[in-house]
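The next block holds one structure in the form of structure tokens; read it before the comments.
For reference, positions follow the sequence shown, starting with 1.
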Amino acid sequence: MEDDQAGNHASGVIESVFGKADGRGVPELSRATFRMQDGSVMEARMPRPGGDETTCRATPVTFEFMDLGTCPICLTASPSSREHVPPHSIGGNVLTLTCERCNNEFGSKFEPHLQGWYENSIGKVKLSGAEVHGRRFAGEYLVRENAAGGFILFQQGSADAAVDQILQNGGSFEMTYPQADTTRTHIAAVKTAYLAACVTMRVVPNSPRAEALRAELLAARDAPRSQRLTLSPLMKSIRVARSAAEPAPSEIVLMFEQGTDQTSPRFVLSFNRVFAVDWPLEPITGFHVLERPA
């Protein structure tokens with residue numbers, strides 16, 4: 001289903017798709033080409049991220065499995081849960097071990113929010129229309145855009161049989177869905193970057209910033225699922241951003257970002273070339289920067 005800027009609806013046949021079948025970690029329907037009913041061709045893509053563009057370069061750091069001996073988050077000795085970095089649901093590989101509690105709690109309370117943001121999807125959608133009484137469950141929708149900036153919605157998963165009737169009626173309808181929890185998304189992204197940083201350093205750091213960050217992560221882990229969370233100044237200081245680059249499944253790269261004054265370099269961790277997170281620990285130095293743009 002396509003919705004243009006005037007609110008009109010049209011349908012077509014998908015001719016080509018670039019998505020999860022092309023590699024774990026590629027967002028579903030990352031790109032698609034439609035043949036519309038009038039014979040025209042329309043391309044769909046992930047929405048372009050807003051904000052300023054930043055150019056980074058890669059450092060020669062490799063990310064390989066590392067048993068750190070303790071859970072990097074809660075410091076429990078001899079953890080045994082295989083930890084995917086980034087989460088398995090968005091293409092991560094096992095890079096370290098965490099305790100069962102940290103693995104399960106973050107996996108159920110936070111990582112689904114990161115996945116929804118990564119896929120640019122809206123879940124638990126309900127539709128209502130004049131010809132159908134009440135709101136009907138419509139499943140999940142992937143939000144994409146066309147070349148003109150109009151949005152396109154792809155329905156996936158199970159849905160009430162009446163949804164087709166609502167959409168094909170040709171009239172107006174109402175869509176409702178829960179607001180995205182950007183706080184839990186941010187915490188999940190920072191947790192991913194923290195684990196990647198520990199693997200990079202090959203040790204669980206005991207610096208003041210690392211201890212403060214672990215305390216923040218543990219407080220989030222132990223908070224009730226229904227509790228509304230807020231970001232601390234420390235969490236807010238760690239930027240999380242999207243990229244418009246073509247996805248590179250399972251790729252993690254430590255990137256170097258040079259400040260505008262050429263004196264304040266920053267490091268960021270890139271995941272699948274889809275999103276990036278500031279290096280979450282104390283500043284690092286001593287890397288040789290490769291001449292390869294992000």
Side-chain angles (χ1 to χ4, degrees), residues 25 49 51-66 68 70-73 75 83-87 90-93 95-96 98 102 106 110-111 114 117-118 182-183 185-218 220 231-243 245 248 250-294:
D52 298 330
E53 293 186 4
T54 301
T55 300
C56 298
R57 289 179 287 177
T59 63
V61 174
T62 58
F63 291 82
E64 298 177 349
F65 176 82
M66 181 67 185
L68 298 167
T70 62
C71 174
I73 300 171
L75 305 185
E83 183 73 36
H84 293 77
V85 182
I90 57 175
N93 293 320
L95 279 190
T96 190
T98 55
C102 285
F106 279 102
F110 295 90
E111 290 176 6
L114 180 61
W117 175 74
Y118 185 91
T182 56
T183 297
T185 298
H186 191 99
I187 292 172
V190 171
K191 172 249 184 184
T192 295
Y194 167 72
L195 292 177
C198 290
V199 171
T200 301
M201 300 173 69
R202 305 185 71 79
V203 68
V204 179
N206 59 3
S207 65
R209 185 175 174 90
E211 291 178 354
L213 186 54
R214 281 195 293 272
E216 295 280 354
L217 292 173
L218 286 175
L231 295 178
S232 68
L234 173 58
M235 280 285 181
K236 287 181 180 179
S237 72
I238 302 172
R239 301 173 302 169
V240 177
R242 294 193 70 102
S243 168
S250 302
E251 179 188 86
I252 304 177
V253 181
L254 179 63
M255 308 294 290
F256 174 91
E257 175 188 349
Q258 178 66 54
T260 55
D261 59 2
Q262 301 299 307
T263 62
S264 303
R266 300 183 70 162
F267 287 86
V268 298
L269 288 154
S270 169
F271 298 96
N272 301 344
R273 300 188 193 176
V274 174
F275 72 101
V277 185
D278 278 338
W279 176 262
L281 302 174
E282 277 78 7
I284 53 179
T285 58
F287 283 101
H288 171 67
V289 180
L290 299 179
E291 296 294 328
R292 181 165 71 92

Inset, instruction - Look only at the side chain of Thr192 and the backbone of Val85, and say whether a donor-acceptor pair between them is shorter than 3.5 Å. - result: no
Inset, instruction - Say whether, by atom type as modelled, one donor and one acceptor occur between the side chain of Arg239 and the main chain of Val268 under 3.5 angstrom. - result: no
Legend entry - Heavy-atom side-chain proximity of Val190 to His186 below 4.5 angstrom: yes
Legend entry - Main-chain N/O of Gly25 paired to Tyr118 side chain as donor or acceptor, under 3.5 Å: yes
Inset, instruction - Measure across Pro86 and Phe271 and return the closest heavy-atom pair with its distance rounded to 0.1 Å. - result: CD-CD2, 3.9 Å
Legend entry - Test item: Leu95 and Leu195 side chains (from C-beta on) under 4.5 Å apart, heavy atoms: no
Inset, instruction - Among residues two or more places apart or on two chains, list those pairs meeting salt bridge (Lys or Arg N to Asp or Glu O under 4.0 Å) that have a residue in residues 189-215. - result: Glu83-Lys191, Glu111-Lys191
Legend entry - Min side-chain heavy-atom separation Leu269-Phe63 under 4.5 Å: yes
Inset, instruction - State which residues pass ring-ring contact (aromatic ring centres under 6.0 Å, His included) with Trp279; sequence neighbours excluded, sorted by chain then number. - result: none
Legend entry - Thr183 side chain vs Leu231 backbone, donor-acceptor pair below 3.5 Å: no
Legend entry - Note, Arg266 side chain near Cys56 side chain (heavy atom, < 4.5 Å): no
Inset, instruction - For Val277 and Ala189, work out which heavy atoms get closest and say how close. - result: CG2-O, 3.8 Å
Inset, instruction - Kindly indicate whether the side chain of Val199, heavy atoms from C-beta on, has any atom under 4.5 Å from the side chain of Phe65. - result: no
Legend entry - Val274 vs Ile90 side-chain heavy atoms within contact, under 4.5 Å: no
Inset, instruction - Side-chain contact test, heavy atoms from C-beta onward, threshold under 4.5 Å: evaluate it for Met66 versus Val203 and give yes or no. - result: no
Inset, instruction - Quick one: closest heavy-atom pair of Gly91 and Asn272, and the distance? - result: CA-ND2, 4.4 Å
Legend entry - Heavy-atom side-chain proximity of Ser243 to Pro49 below 4.5 angstrom: no
